[in-house]
Number of protein chains: 2
Amino acid sequence: MPNSEKTEIIRNKGLEARPLDTFDRTILGELAVDAGLSYAELGSRVGLSAPAVHERVKRLRATGRICGTVAVLDGPATGKPFLAFVHVDTTGGSKSRTFRALSELPELEEIHSVAGDTCTLLKVRCASSRALEGLLARLYAMPGIKATRSYVVLSTYLERTPQAGITEALEEPPMDEAPR
Amino acid sequence: MPNSEKTEIIRNKGLEARPLDTFDRTILGELAVDAGLSYAELGSRVGLSAPAVHERVKRLRATGRICGTVAVLDGPATGKPFLAFVHVDTTGGSKSRTFRALSELPELEEIHSVAGDTCTLLKVRCASSRALEGLLARLYAMPGIKATRSYVVLSTYLERTPQAGITEALEEPPMDEAPR
DNA sequence: TGAAGAAAGGAATCACATTCGGAGCAATCT
DNA sequence: AGATTGCTCCGAATGTGATTCCTTTCTTCA
């Protein structure tokens, strides 16, 4: 075995399931905003050397904390200025097949199964209201689609990927009694 | 003026407002899925040399088609397994102030003003249902918040950033009559 | 047909990612 | 207590890929 491999194995020990320390969370926070940072720059921001942050980022990837690195495209600038959320009521039917078919469309950005007075929630970004109409038509052509309600986005004040921070205060017990 | 600057200026001619050709759209499509690709690899996928794609990517950034490059964090793996959409009914009030305050919370991922039977739509990712409770409490403490309806996500089948593709067929006129 | 502008490719340069070896530090065992 | 083991850090060295420059080619327009 080449020396490099052996070292690699030794170094990768204990990659699994470890709580995030402050360094990790800061790194995640920075990368969630700008993944184009150099390791040197990132290191100086969190107070570590480039090799150290490199090691940590590698670990964060390996353990699934970082799922990937993507370029964020501007909807309007790339020809899809129209954004809408669509609530879908379904009756039985093979959801997974329907979802897989929908996922093929680049207009579909999110598909969630939700609790509440509706069943499924879609996030759709498309070229125009006409395109949304076409998409709804396709939806209704699928089996088990009972009804839809569309919420057309007029303006977007915030839109970003998951952030690293956690507001601890939100979990404090509410006003009067401390639950369990 | 140094030679490099002059060259840069010459090279940056015509950066503004040009329609995306097939190369651009393919590049955007690839980068929206994986921004970690090397220019050489990207070039071989679209059929251009590394310097050529580099030039185009630079242009796509400069013209705002690419807003940024980010690391995609896994919600559950980073301590926020709880996802919900919250519809908010507001009465008058200074929305922008409220929105700015909300944006401070890393739990808030999206804030849209929408048309439909509700006013504002929030995407919230937090640690627990208790945290959502805490967030709603903060919401109600703000002026002009009339009511909220929360849709708790049970499972997510698809979640991604804006894609480059456009399904032309969606814009075709519907069944019977050709509009306009 | 000729001239000019834009874009691509090849080669060279430069910056940064990545690796390596060693040192510091904490926890565990003797 | 002292030693050992394992982990993570850092500085220096290396390699790869980003970036630049220059030339060539293609297209467009006079």
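Side chains included, hydrogens not; waters and symmetry mates left out as well; all remaining heavy atoms used. Residue numbers start from 1 in every chain, and the chains themselves are labelled A, B, ... in the order their sequence lines are given, proteins ahead of strands.
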Nearest of [options] to any side-chain atom of [X]?
X        : options                  : result
Leu48(B) : dC16(C), dT18(C), dG9(C) : dG9(C)
Ala52(A) : dT18(C), dA7(C), dC9(D)  : dC9(D)
Pro51(A) : dA8(C), dT19(C), dT20(D) : dT19(C)
Ser38(B) : dG17(D), dA17(C), dA8(C) : dG17(D)
Tyr39(B) : dT18(C), dA18(D), dA8(C) : dA18(D)
His54(B) : dT20(D), dG17(D), dA8(C) : dT20(D)

To the nearest Å, give me how far apart [atom1] ([X]) and [atom2] ([N]) are.
X        : N       : atom1 : atom2 : answer
Ile27(B) : dA8(C)  : CD1   : C1'   : 12 Å
Phe23(B) : dA8(C)  : CZ    : C1'   : 10 Å
Glu55(A) : dG22(C) : CD    : C1'   : 15 Å
Leu42(A) : dA17(C) : CG    : C1'   : 13 Å
Leu20(B) : dA7(C)  : CG    : P     : 13 Å
Leu60(A) : dT8(D)  : CG    : P     : 12 Å
Arg56(A) : dC7(D)  : CZ    : P     : 14 Å

Is the ring centre of Tyr151(B) less than 6.0 Å from the ring centre of His112(A)? no
How is Ser49(B) classified with respect to the nucleic acid when contacts are heavy atoms under 4.0 Å: base, sugar-phosphate, or nothing? base
Give a yes/no answer on whether the side chain of Lys58(B) brings an N or O atom under 4.0 Å of OP1 or OP2 in dA7(C).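 Answer no for this pair, as no side-chain N or O of Lys58(B) is under 4.0 Å from OP1 or OP2.
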Treating Arg65(B) as the side-chain partner and Thr78(A) as the backbone partner, does any N or O pair qualify as donor plus acceptor under 3.5 Å?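 No, the answer is negative, given that no donor and acceptor are paired below the 3.5 Å cut-off.
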Electrostatic pair Glu109(A):Lys80(A) at N-O distance under 4.0 angstrom: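 No salt bridge links Glu109(A) with Lys80(A).
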In terms of the angle between their ring planes, are Phe99(B) and Tyr157(A) parallel, tilted or perpendicular, with boundaries placed at 30° and 60°? tilted
Over all atoms of both residues, closest heavy-atom pair of Leu37(B) and Arg45(B):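 Scanning both residues, the minimum pair turns out to be CD2-NH2, 3.5 Å.
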